[in-house]
Every structure is written in C-alpha cells, then in structure tokens.
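Shown next, in structure tokens, is the structure this report addresses.
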Amino acid sequence: MTTNNPQPKDDFYNQYLPMPRSVTTFLLKFVPLLIAGVLIFGFVLPLVHDQYNKGAFAGGVSYTGYVVANPAPHLIVPRPGNTESGSDYSYYLLAATNKAGPPDNIMDFVDQWVNIEGVVAVARNQLTLLAVSKRAPVMAAEAPEGFELNLDGKSLGEFSLEGEIIDSKCYSGVMKPGQTKTHRGCAIRCIAGGVPATFISHNEQGDPLYFVLSDLEGKSVRSRILNHVGDALRITGEVVQFGDAFVLKADPKEYKVI
C-alpha cells in the first residue's frame, strides 16, 4: 500500500499541493498582459475621450479687472490691442482654491477695479475660471484709460436649451471628468460652497456652449438648483451676452428634466 499523497491528474489547485504547471504557465502569460492592458487603457482613453479633457492650467498669473458679484462672481478683464473684430474684454469666473467661492479679499472689492496677483487660471474650451488663494495679494486699481464698461449686456432673445448644470471649476480641468452623474456629488458641494454654476449645451455642430445661470432678476441661483446638478435638463429663458460670455436668465422652478 502506498502511503504518499499522489499528485492529482487534473489541474485542480489545492493550496497544500504544488501549483499545477498549466496554472503557473497561464498566470505568467496573463498577469503581464493584464498590467499592460490597464496601463494602455489609462493612458490612451484620456487622449481619445473628450469628456476627459483635462483643461489647461496657468499658475502664478496676474490680472487687472473689475469685480462683479452677480449672477456669479466674475472678473471683467480688458483685452489689450485692437479688439474691433471681437470683445473688448474677457469674462473670468472666480472661485477659491478649494470647494468655495472667491475669498473675502476679492469680494471686498465688488464693483471696483482690482489687481490680483498669483491666481491660477483653469480653462477648457471657452470656459475660464480663476482660482484665487486667500494669500493672493489683491489691491485697488485704476480703471484703464479709454475702456467703456458695459454691465447691462445685450439680450439675444429667448431660447430653449438642453444640457447639464456643472460646477465651472471642476469642469474647467480641476477634476476629471467634471460632469454627468459620476461627478454629481462633487459638483453639488462645489456649487453649494460658492463655485459658479454653469450650464453646458451644444450647438448643431457639437461645439460646447457655456451659460452662467441666473434667475429672472439677474441673481445667483446657487441654492435653488442643487437637486438638478448632473441631470439632463431643458431650460427656457433669456440669453444675455456680455462680451464673449453668456448668461441664461430663467426661473429655476421651470427647469425641465429630460
């Protein structure tokens, strides 16, 4: 009678017996392929999928502009040179470096000209946000000579637009993907903290269009739209143009989920 435990003839693995040669061979081939596939997936997907566009960062830059509080905190910055073919100024949304609106050292200068040092500009397509640290120096400035400030904008009429509410900071490139249900929780916290809420829609060519959201009186809708963040929506309202930026004025109660 044989007293030794024989090796099973099939490839069933038992932890107290040597691993079958076929299993070892399979793992030596499969594990490297799995690792290579994960690396390729992680590097290639962001390059081919527009939703994962990381945006562009510019740190340590300075701006001189006019601070406006509504419908969302923003800075109006004059454009140098000949602007006959375009807008005389740029419209930059403002936030802090965390999940909050711009710090008090910015908002203390509402309706005034300021110079801001060391802000981080985050841009994706035509949407640009300035992230301002509490330590960033903010100083009163003189209005640029010959610059005419238009705070009323130009009404383009009423439109019915389909799209999604996003927080302008994460979508601009601070987070990825920065939109849809996967980003809903983060976006709600950002908007609730004061990061400007923006509505993204697309034209017939598929180009993204960005609208700062406003109520019918031109005020912030921040606390009234949190339950709609990340949803597919149809918003009907007046579109007002400010330079190359747009505001969508509508009653938040009339937003339609689609």
Side-chain angles (χ1 to χ4, degrees), residues 51 55 67-75 91-103 106-107 110 122-132 151 153 155-203 207-242 244-258:
Q51 181 171 329
V67 182
V68 181
N70 283 301
H74 62 277
L75 189 72
Y91 183 107
Y92 297 142
L93 296 173
L94 294 170
T97 52
N98 55 5
K99 292 182 178 293
I106 292 288
M107 301 314 291
V110 168
V122 190
R124 181 174 176 182
N125 301 320
Q126 290 77 44
L127 179 66
T128 303
L129 179 136
L130 306 182
V132 186
L151 298 178
S155 177
L156 301 182
E158 184 173 285
F159 292 84
S160 184
L161 303 169
E162 295 183 359
E164 174 192 348
I165 296 174
I166 56 174
D167 77 88
S168 52
K169 182 179 178 183
C170 288
Y171 179 86
S172 295
V174 173
M175 296 284 286
K176 295 182 290 186
Q179 65 185 120
T180 69
K181 299 293 186 182
T182 58
H183 192 69
R184 178 184 174 93
C186 180
I188 288 175
R189 285 161 179 78
C190 283
I191 293 173
V195 174
T198 306
F199 188 70
I200 177 174
S201 185
H202 293 82
N203 61 19
D207 302 319
L209 305 173
Y210 304 104
F211 302 87
V212 176
L213 290 173
S214 159
D215 64 14
L216 296 175
E217 284 71 44
K219 303 297 183 181
S220 171
V221 296
R222 184 178 72 195
S223 61
R224 291 173 279 175
I225 51 88
L226 297 179
N227 61 326
H228 285 312
V229 174
D231 291 336
L233 298 174
R234 179 182 296 110
I235 301 179
T236 301
E238 180 188 13
V239 174
V240 182
Q241 182 177 5
F242 295 86
D244 58 358
F246 301 91
V247 172
L248 177 56
K249 300 176 68 174
D251 184 352
K253 295 179 181 178
E254 300 299 323
Y255 292 4
K256 303 296 183 183
V257 178
I258 56 177

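As a basis for the values below, the full set of heavy atoms in this structure was taken, side chains included, without hydrogen atoms, waters or symmetry mates.
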For the pair Arg222 (side chain) and Ala197 (backbone), establish whether a donor and an acceptor sit closer than 3.5 Å, ignoring hydrogens and angles.
no
So, using side chain to side chain contact (heavy atoms under 4.5 Å, CB included) as the criterion, who are the partners of Gln241 when residues are at least two apart?
Leu156, Phe246
Is a donor on one side and an acceptor on the other found under 3.5 Å between the side chain of Asp215 and the backbone of Glu217?
yes
Closest heavy-atom contact between Pro103 and Ala95?
CD-O, 4.4 Å
Looking only at heavy atoms, the pair that brings Gly173 and Val122 closest together is N-CG1, 3.8 Å
Residues forming a side chain to side chain contact (heavy atoms under 4.5 Å, CB included) with Leu209, sequence neighbours excluded
Asn203, Phe211
Passes side chain to side chain donor-acceptor pair (under 3.5 Å), Asn125 versus Tyr210? Steps please.
CA-CA 10 Å; Asn125 301 320; Tyr210 304 104; 3.0 Å; yes
Quick check: does any side chain N or O of Glu164 sit under 3.5 Å from a backbone N or O of Thr180, one acting as donor and the other as acceptor?
yes
Quick check: closest heavy atoms across Pro196 and Pro73, and the distance to 0.1 Å?
CG-O, 4.1 Å
Flag the pair Ser214 / Ser220 as yes when at least one side-chain heavy-atom distance between them is below 4.5 Å, and no otherwise.
no
Measure the shortest side-chain to side-chain distance between Leu75 and Leu130 over non-hydrogen atoms and say whether it is less than 4.5 angstrom.
yes
Heavy-atom neighbours of Lys219 NZ exceed 12 at 6.0 Å:
no
Enter the distance from His183:NE2 to Ile188:CD1 here, rounded to the nearest 0.5 Å.
10.0 Å
Take Gln126 and Asp207, measure what side chain to side chain contact (heavy atoms under 4.5 Å, CB included) needs, and give me the verdict at the end.
CA-CA 10 Å; Gln126 290 77 44; Asp207 302 319; over 6 Å; no
Atom OG of Ser155 and atom NZ of Lys249: how far apart are they, to the nearest 0.5 Å?
8.0 Å
Please identify each residue that fulfils side chain to side chain contact (heavy atoms under 4.5 Å, CB included) with Ala69, with sequence neighbours left out.
Met107, Val110
In this structure, CD1 of Ile166 is separated from CD1 of Ile200 (nearest 0.5 Å) by 5.0 Å
Main-chain N/O of Leu226 paired to His228 side chain as donor or acceptor, under 3.5 Å
no
Thr236 to Ala250 - nearest heavy-atom pair and separation:
O-CB, 3.4 Å
Side chain to side chain contact (heavy atoms under 4.5 Å, CB included) between Ser172 and Thr128: does it pass, once the steps are laid out?
CA-CA 7 Å; Ser172 295; Thr128 303; over 6 Å; no
Hey, does Arg234 have a side-chain heavy atom less than 4.5 Å from the side chain of Glu162?
yes
Might you confirm whether atom CZ of Arg224 has over 12 heavy atoms from other residues, nucleotides or ligands at distances under 6.0 Å?
yes
With rounding to the nearest 0.5 angstrom, report the OG to CG distance, Ser201 to Leu248.
9.5 Å
Can you name the nearest heavy-atom pair linking Tyr91 to Leu93, along with the distance?
CE2-CD2, 3.9 Å
So Lys99 and Arg189, side chain to side chain contact (heavy atoms under 4.5 Å, CB included) or not? Walk me through it.
CA-CA 7 Å; Lys99 292 182 178 293; Arg189 285 161 179 78; 4.2 Å; yes
Would you find a donor on one side and an acceptor on the other, under 3.5 Å apart, between the side chain of Asn70 and the backbone of Ala72?
no
Which atoms form the tightest heavy-atom contact between Ile106 and Leu94, and what is the distance?
CG2-CD1, 3.9 Å
Please check this pair: side chain of Lys169 against backbone of Ala96, looking for a donor-acceptor N/O pair closer than 3.5 Å.
yes
Determine, stepwise, if the pair Tyr92 / Leu129 fulfils side chain to side chain contact (heavy atoms under 4.5 Å, CB included).
CA-CA 5 Å; Tyr92 297 142; Leu129 179 136; over 6 Å; no
Would you verify whether the NZ or CZ of Arg124 falls within 45 degrees of the ring axis of Tyr171 while also being under 6.0 Å from that six-membered ring's centre?
yes
Apply the side chain to side chain contact (heavy atoms under 4.5 Å, CB included) test between Leu233 and each candidate in Ile165, Ile258, Ile225; give the one that qualifies.
Ile165
Check whether any side-chain heavy atom of Leu213 sits under 4.5 Å from a side-chain heavy atom of Ile235, and report yes or no.
yes
